[in-house]
Structure formats: C-alpha cells, structure tokens
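For this chain, numbers begin at 1 and follow the sequence in order. These numbers come from a predicted model, not from an experiment.
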Amino acid sequence: MPSAARVDSWLWAVRLYKSRSASAAACRGGHVEVDGDRAKPATMIGPGSTVTVRVGDRVRVLEVIDPIVKRVGAPVAVRCYLDHSPPPPPRELVAPIAVRDRGAGRPTKRERREIDRIRGR
C-alpha cells in the first residue's frame, strides 16, 4: 500500500475517469485541484489530501483515504475516498431536451429555431 500516488493515476484508479490519459487531460485542462491549487498530472497526493474534480457538469470534492495506483472494483474504489461534494441539482432544474416524435420528418425552420433556443445556441 503506497503512502502517495500521482493524482492522474488515482483519479483513474477510483473510477472517476475511464482512462488514465483522460484523467491526465483533465489535469492539464485545469479541471483538477489538489488542496486548492491547480494540479498537474504528476502532482502527488496522500491520505488527507483534498481533490476537487470537475467531471461533466458536476464538481466533486473528495478527501483521499487510500492513495491507490491500480484500478480496483467499484465497491473497493468507494472506500478509498470520502465524498464531500455538494448534492446534484434537482431534475426539474435541468433544462429539458427537445424531443421530436419518431417519423415526424425533418424540423421546419421555425422548429429548428425553437430547438436552438431551448439548447441555448
């Protein structure tokens, strides 16, 4: 059991990203912070470190318990951190997605403008 691990390897090992290269890209893109500072992929973390990660639309705030470097199963991965994240937004606050009936054909110009307005384009 290591006492420290690279942040990109740890994010992949606890299943926040599908690949290590995706977690390294998130670090390079500024989506990962360790103890309040932007993290490079090689930033070392240990027990007690706070990792703030933006995954999709959510911000996850995680406290490291076990700095693992090998990918493990989901039940084991959950025991490697404490989740201090804010709760996700309620479903009714999420913008509705434009839905068309199957076989309705191509949208008209007016319908396309409505779809674009709903999507915020």
Side-chain angles (χ1 to χ4, degrees):
M1 185 165 104
S3 62
R6 288 173 54 120
V7 70
D8 64 337
S9 177
W10 185 78
L11 291 171
W12 167 74
V14 295
R15 299 177 166 267
L16 288 176
Y17 289 98
K18 288 187 177 187
S19 66
R20 184 168 171 195
S21 61
S23 64
C27 291
R28 284 191 300 272
H31 301 288
V32 179
E33 293 181 359
V34 175
D35 295 327
D37 298 325
R38 284 181 62 175
K40 292 182 179 179
T43 301
M44 299 302 280
I45 58 169
S49 297
T50 302
V51 180
T52 305
V53 184
R54 191 170 50 203
V55 181
D57 296 341
R58 286 192 66 192
V59 174
R60 307 277 309 263
V61 180
L62 309 171
E63 181 183 342
V64 179
I65 294 175
D66 187 11
I68 59 174
V69 292
K70 297 287 184 180
R71 194 165 171 102
V72 293
V76 178
V78 172
R79 292 192 298 250
C80 294
Y81 60 85
L82 287 175
D83 195 354
H84 300 293
S85 305
R91 290 234 178 234
E92 54 269 356
L93 293 181
V94 177
I97 298 173
V99 178
R100 290 184 49 82
D101 294 332
R102 188 168 178 86
R106 195 168 165 177
T108 64
K109 190 171 187 177
R110 180 180 179 189
E111 291 170 338
R112 167 58 62 199
R113 287 181 179 153
E114 289 176 4
I115 291 169
D116 287 345
R117 183 181 47 78
I118 289 171
R119 291 185 178 168
R121 293 184 188 169

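There is no path of hydrophobic side-chain contacts, each under 4.5 Å, that joins Ile65 to Trp10. Connection of Val61 to Val14 is not established within any shared hydrophobic cluster, with ILVMFWY side chains joined at heavy-atom distances below 4.5 Å, either directly or through further cluster members. Criterion: ILVMFWY side-chain heavy atoms under 4.5 Å apart, direct or through other members. Under it, Val64 and Leu11 are part of a common hydrophobic cluster. Under the 4.5 Å side-chain heavy-atom criterion for Ile, Leu, Val, Met, Phe, Trp and Tyr, Met44 and Val51 are members of distinct hydrophobic clusters. Hydrophobic clustering (side-chain heavy atoms under 4.5 Å, transitive across Ile, Leu, Val, Met, Phe, Trp, Tyr) keeps Val76 apart from Leu82.
At a threshold of 4.5 Å between non-hydrogen side-chain atoms, the residues Tyr17 and Val53 count as touching.
When the shell of 6.0 Å around CG of Asp83 is examined, it contains more than 12 heavy atoms from other residues, nucleotides or ligands. More than 12 heavy atoms of other residues, nucleotides or ligands sit less than 6.0 Å from atom CZ of Arg58.
Comment: Arg79 does not engage Asp66 in a salt bridge, judged by the lack of any side-chain N to carboxylate O separation of less than 4.0 angstrom.
Closest approach of Ala13 and Ala77 over heavy atoms only: O-CB, 4.3 Å. Smallest separation of non-hydrogen atoms from Pro41 and Ala24: CG-O, 3.7 Å. When all heavy atoms are compared, the tightest approach of Arg15 to Arg71 is NH1-NH2, 3.6 Å. Contact record, Thr108 with Glu111: N-OE1, 2.9 Å, taken as the closest heavy-atom pair.
To the nearest 0.5 Å, the span separating OG on Ser23 from CG on Leu16 amounts to 9.0 Å. In this structure, the separation between CZ on Arg38 and NE2 on His31 is 9.0 Å, given to the nearest 0.5 Å. Considering SG of Cys27 and CD of Glu33, their distance stands at 11.0 Å, rounded to 0.5 Å. Note that the CZ atom of Arg117 and the CZ atom of Arg112 stand 13.5 Å from one another [nearest 0.5 Å]. Here Ile45 contributes atom CD1 and Tyr81 contributes atom OH; the two are 12.5 Å apart, rounded to the nearest 0.5 Å. Distance CD1/Ile68 to NZ/Lys70: 11.0 Å, rounded to 0.5 Å.
Residues meeting the salt bridge (charged side-chain N to carboxylate O under 4.0 Å, His left out) test with Arg102, sequence neighbours left out: none.
Here side chain to side chain donor-acceptor pair (under 3.5 Å) pairs that include residues 39-53, with residues two or more places apart or in two chains, number zero.
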